[in-house]
Amino acid sequence: MPTASVREVLGGELAVGTEVLVQGWVRTRRDSKAGFSFIHINDGSCFANLQLVADKDLPNYEAGILRLTSGASVSCRGTVVESKGRGQTVEIQALDIDIPGLVEDPDHYPIQPKQHSYEFLRSVAHLRPRTNTFGAVTRIRHAAARAIHEFFDTNGYFWVNTPIITASDAEGAGQLFRVSTLDLMNLPRTDQGQVDFGKDFFSRETFLTVSGQLNVEAFCLAMSKVYTFGPTFRAENSNTARHLAEFWMVEPEVAFADLDDLATLAEDFLKFVFQRVLERCPDDMAFFAEAVEPTAISRLESLVDSRFERMDYGEAIKILQASGKKFEFRPDWGVDLQTEHERFLTEQHCKAPVVVMNYPDEIKAFYMRLNDDGKTVAAMDVLAPGIGEIIGGSQREERLGLLTQRMKHHGLDEHDYSWFLDLRRYGTVPHAGFGLGFERLLNYITGLSNIRDVIPYPRTPGSAPF
RNA sequence: UCCAGCGUGGCUCAAUGGUAGAGCGGGUGACUGUUAAUCACUAGGUUGUAGGUUCGAAUCCUACCGCUGGAGCCA
């Protein structure tokens with residue numbers, strides 16, 4: 001007897017009369033005194049549940065089926081039949097139902113067929129995949145990841161797996177997780193009393209990566225179009241709805257490209273991913289539109305057809321100053337945009353994602369390319385309503401002299417970056433790239449407002465419970 | 001890290017100094033090709049932890065723990 005997923009049965013892939021094996025977990029059970037029970041099961045394959053009809057003459061009806069509660073697992077051999085009730089076209093008339101696992105202590109089983117708070121669901125991260133919401137998140141996360149690879153593949157990019165363990169801090173900004181096998185209770189010391197990292201596993205200090213950019217630039221200057229997609233770690237003590245200590249980042253890097261090319265890439269990229277998710281997860285998106293964010297679908301659809309607003313940082317400052325809005329921090333040329341400024345631009349002024357370009361060099365990282373005006377760098381941020389910065393990128397400084405000058409200005413030692421500088425010594429070219437926070441993208445797609453609700457096991461300061 | 005708020009049955013919440021309640025979920029029963037079914041009955045809580053004030057504390061005070069929202073930093 002063939003096995004079928006709930007999605008296959010409900011999708012009409014099996015003719016009425018076919019005998020199949022379906023397996024999943026109980027969502028609800030209703031009994032009829034006429035002598036049968038309705039059991040809705042879900043196996044994660046799609047949003048909808050499949051209805052099993054179990055007659056009372058099944059051998060384990062009293063002892064097993066009537067004890068099924070939410071969360072129990074079932075393995076059902078049955079016949080695909082047209083449903084006599086409303087609400088579904090087909091259902092399974094059970095021939096027998098095996099129960100691998102009942103729910104022990106059902107009055108304490110945390111997941112009920114009702115609305116739970118997101119906060120509570122985070123406390124049961126091992127059981128929340130069984131909810132409508134997290135099932136939908138999981139499928140959309142998969143669809144988005146697949147769309148990302150598909151976009152780059154069809155556009156001639158190569159996926160490069162940059163190292164998770166690194167010895168350099170890409171942003172020059174500290175806050176890394178240390179990787180060490182030294183015995184913390186008995187650290188080796190140098191003659192000067194410092195910790196002797198020469199005795200550590202890699203014979204030097206090492207950390208978890210905060211960005212694959214520097215490493216992927218080397219491949220960019222050989223393969224032309226490359227990208228990374230992998231986990232990223234930041235030990236920043238930031239406790240907000242848009243920060244994780246462990247998150248996934250997508251970083252394309254393109255040779256012979258400038259900032260405008262990069263902004264176009266970001267726009268094409270986002271549109272492609274939105275379109276694919278809308279195509280491939282209509283039921284899940286319908287759920288988010290109904291239960292979370294009413295405009296979840298319509299705003300993605302309108303974005304796919306629109307052209308992203310682009311503005312210079314200087315222009316953005318002028319718009320903010322002319323807005324007449326009372327901001328807590330006054331917008332002024334030379335200081336970075338505050339969250340309240342970004343929100344105004346994207347939620348009120350543009351009511352759509354907006355690309356802000358060409359920031360003052362003082363507030364941006366050392367590797368960004370100095371513009372001809374001598375005071376701005378070719379950096380860009382894509383800001384999204386409700387999320388803030390979803391993409392941050394720049395054209396890279398490809399001129400050796402200017403790059404070393406900027407490094408010195410940022411207090412970085414050239415010797416720590418000699419391999420990176422080699423890329424400017426040997427056949428340098430203009431190139432550009434950006435970093436996209438994958439979870440922030442998912443927040444935008446689903447309308448969920450907390451980043452902890454779009455990653456399977458969120459890691460945040462003071463919290464890594466599962 | 002800073003500011004604010006919140007911790008009451010399995011879950012969502014009520015009770016603002018005077019005997020801790022409801023809905024959902026669980027159990028039992030009734031009823032129905034049912035749709036997070038419906039109806040009745042029932043079990044379930046030393047109110048986050050430790051102190052303090054008071055005749056009396058879920059309620060007021062202190063500390064700690066946890067969570068949430070906002071800020072900074074960023075993706």
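Bear in mind that the values here come from a model prediction, so they are computed numbers and not experimental data. Chain letters run A, B, ... following the sequence lines, proteins first and then strands; every chain starts at 1.
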Full working for ring-ring contact (aromatic ring centres under 6.0 Å, His included) between A/Phe233 and A/Phe207: CA-CA 9 Å; A/Phe233 307 87; A/Phe207 308 92; over 10 Å; no
Give me the distance, rounded to whole Å, that separates [N] from [M] when you measure between the [atom1] atoms they each carry.
N      : M      : atom1 : answer
B/rA22 : B/rG9  : P     : 15 Å
B/rU19 : B/rG45 : C1'   : 15 Å
B/rG18 : B/rG27 : P     : 37 Å
B/rC67 : B/rC74 : C1'   : 23 Å
B/rA50 : B/rG66 : C1'   : 15 Å
B/rA15 : B/rG29 : C1'   : 32 Å
B/rU68 : B/rC13 : P     : 14 Å

First of A/His116 and A/Leu66 reached from the 5' end of RNA chain B, by closest nucleotide: A/His116
Of all pairs that satisfy side chain to side chain donor-acceptor pair (under 3.5 Å), the ones with a partner from residues 71-81 of chain A, not counting sequence neighbours: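 Matches after skipping sequence neighbours: A/Gln23-A/Ser75, A/Arg77-A/Asp96.
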Pairs satisfying side chain to side chain donor-acceptor pair (under 3.5 Å), at least one member in residues 133-148 of chain A, at least two apart: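 The answer is A/Arg139-A/Asp284, A/Arg141-A/Glu439.
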Salt bridge (Lys or Arg N to Asp or Glu O under 4.0 Å) contacts in which one or both residues fall within residues 238-255 of chain A, not counting sequence neighbours: A/Glu253-A/Arg396
Whether A/Tyr227 and A/Trp159 hold their rings parallel, tilted or perpendicular, with breakpoints at 30° and 60°: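 Parallel, since the angle between the ring planes stays under 30°.
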Parallel, tilted or perpendicular: ring planes of A/Phe229 versus A/His149, cut at 30 and 60 degrees: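 Correct class here is tilted.
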Can [X] and [Y] be counted as having a side-chain donor-acceptor contact under 3.5 angstrom?
X        : Y        : answer
A/Asp55  : A/Gln93  : yes
A/Arg234 : A/Ser211 : no
A/Thr376 : A/Asn371 : yes

Residue-phosphate contact under 4.0 Å: A/Ser117 side-chain N/O, B/rU12 OP1/OP2: yes
May I have the list of side-chain donor-acceptor pairs in residues 56-67 of chain A shorter than 3.5 Å, sequence neighbours left out?
from: A/Asn60; atom 1: ND2; to: A/Ile97; atom 2: O; distance (Å): 2.8
from: A/Tyr61; atom 1: OH; to: A/Ser37; atom 2: OG; distance (Å): 2.7
from: A/Arg67; atom 1: NH1; to: A/Ala63; atom 2: O; distance (Å): 3.3

[N] [atom2] sits how many Å from [X] [atom1], rounded?
X        : N      : atom1 : atom2 : answer
A/Tyr359 : B/rC74 : OH    : P     : 11 Å
A/Arg29  : B/rA37 : CZ    : P     : 11 Å
A/Ile39  : B/rU34 : CD1   : C1'   : 12 Å
A/Leu68  : B/rG27 : CG    : P     : 11 Å
A/Leu121 : B/rC11 : CG    : P     : 11 Å
A/Glu91  : B/rG33 : CD    : C1'   : 8 Å
A/Asp31  : B/rG27 : CG    : P     : 10 Å
A/Tyr118 : B/rG69 : OH    : P     : 12 Å

Report which part of the nucleic acid [X] touches: base, sugar-phosphate, or nothing (heavy-atom distance under 4.0 Å, all strands).
X        : result
A/Thr28  : sugar-phosphate
A/Ile390 : sugar-phosphate
A/Ile391 : sugar-phosphate
A/Gln115 : base

Six-ring centre of A/Tyr444, A/Arg299 cation under 6.0 angstrom, axis tolerance 45°: yes
Tell me which nucleotide among [options] gets nearest to the side chain of [X].
X        : options                : result
A/Phe38  : B/rG70, B/rG33, B/rU1  : B/rG33
A/Thr240 : B/rU32, B/rG72, B/rC74 : B/rG72
A/Asn450 : B/rU68, B/rC73, B/rC74 : B/rU68

Exercise: identify the closest heavy-atom pair between A/Val355 and A/Ala263: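 Reported closest heavy-atom pair: CG1-CB, 4.3 Å.
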Minimum-distance pair of heavy atoms, taken over all atoms of A/Met285 and A/Ile445: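 Taking A/Met285 first and A/Ile445 second, the nearest heavy atoms are CE-O, 3.3 Å.
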Basic-acidic side-chain contact under 4.0 Å: A/Arg276, A/Glu150: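 Between A/Glu150 and A/Arg276 there is a salt bridge, with a charged N closer than 4.0 Å to a carboxylate O.
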List every contact pair, protein side and nucleotides 65-67 of chain B side both N or O, where the distance is under 3.5 Å.
from: B/rC67; atom 1: O2'; to: A/Glu119; atom 2: OE2; distance (Å): 2.3

Show the atom names and distances, to 0.1 Å, of all donor-acceptor pairs under 3.5 Å that link a side chain in residues 453-466 of chain A to residues at least two apart or in another chain.
from: A/Asp453; atom 1: OD1; to: A/Arg122; atom 2: NE; distance (Å): 2.8
from: A/Asp453; atom 1: OD1; to: A/Arg122; atom 2: NH2; distance (Å): 3.4
from: A/Asp453; atom 1: OD2; to: A/Arg122; atom 2: NH2; distance (Å): 2.8
from: A/Arg459; atom 1: NH1; to: A/Phe466; atom 2: O; distance (Å): 3.3
from: A/Arg459; atom 1: NH2; to: A/Phe466; atom 2: O; distance (Å): 2.4

Pairwise side-chain contact, A/Ile387 with A/Thr346, heavy-atom cut-off 4.5 Å (strictly under): no
Heavy-atom side-chain contact between A/Leu303 and A/Phe274 under 4.5 Å: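 Result yes, sub-4.5 Å side-chain heavy-atom pair found.
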Donor-acceptor pair (no angle test) under 3.5 Å: [X] side chain, [N] base:
X        : N      : answer
A/Arg30  : B/rC31 : no
A/Gln51  : B/rU34 : yes
A/His243 : B/rC74 : yes

Partners meeting salt bridge (Lys or Arg N to Asp or Glu O under 4.0 Å) with A/Asp268 (sequence neighbours left out): none
Which nucleotides of RNA chain B pair, in dot-bracket form (Watson-Crick or G-U under 3.5 Å, | meaning another strand): (((((((..((((....[..)))).(((((.......))))).....(((((..]....))))))))))))....
Pairing residues for A/Asp107 by the side-chain contact (heavy atoms from CB on, under 4.5 Å) criterion, not counting sequence neighbours: A/Asp105
A/Phe438-B/rA75 aromatic stacking (under 5.5 Å, under 30°):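 A/Phe438 vs B/rA75: stacking no.
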Letter per nucleotide, 5' to 3', of nucleotides 21-26 of chain B [B base touched, S only sugar-phosphate touched, - untouched; heavy atoms, 4.0 Å]: --BBSS
Proximity to RNA chain B (any heavy atom under 4.0 Å), residues of residues 329-354 of chain A only: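 Within residues 329-354 of chain A, the residues near RNA chain B are A/Gln338, A/Thr339.
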Got a list of protein N/O to nucleotides 2-8 of chain B N/O distances below 3.5 Å?
none

